[in-house]
Amino acid sequence: MTTAVQVAIAGEAAEPAVSELMGIPGLSVSYEAQTQKEGTLAVIATIVGIAGGMVALAEQIRKWYQEWKQSQ
């Protein structure tokens with residue numbers, strides 16, 4: 001069973017953030033970059049958890065977000 005989640009990341013660091021998210025083992029991430037009206041880059045990422053379930057996927061995304069936020 002696979003679980004999918006879509007997230008939107010906006011700002012100058014959107015693409016590097018998604019690139020880092022793509023490196024998490026057990027996740028399959030695809031994304032589409034869009035330029036918003038204000039000229040800001042937005043990335044819509046679809047994240048599929050290969051193993052586990054929604055709780056495991058959410059925990060991996062939460063952990064990634066906390067680490068990413070601390071590094072900024």
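These numbers come from the heavy atoms of this one structure, side chains and all, not from hydrogens, waters or symmetry mates.
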Closest approach of Ala14 to Ile9 (non-hydrogen atoms, all atoms of both residues): CB-O, 3.5 Å
Would you sort out whether Glu32 and Val43 count as a side chain to side chain contact (heavy atoms under 4.5 Å, CB included), showing the intermediate values? CA-CA 6 Å; Glu32 177 183 334; Val43 177; over 6 Å; no
Can you run down the side-chain hydrogen bond (donor to acceptor under 3.5 Å, both in side chains) pairs that involve residues 6-22, sequence neighbours left out, and say none if there aren't any? Gln6-Thr46
Pairs involving residues 59-72, ordered by first then second residue, that meet salt bridge (charged side-chain N to carboxylate O under 4.0 Å, His left out) (sequence neighbours left out): Glu59-Arg62
Look up atom CG in Leu21 and atom CG in Leu27, then write down how far apart they are to the nearest 0.5 Å. 6.5 Å
Verify same cluster id: Tyr65, Ile44 (apolar side-chain graph, 4.5 Å): no
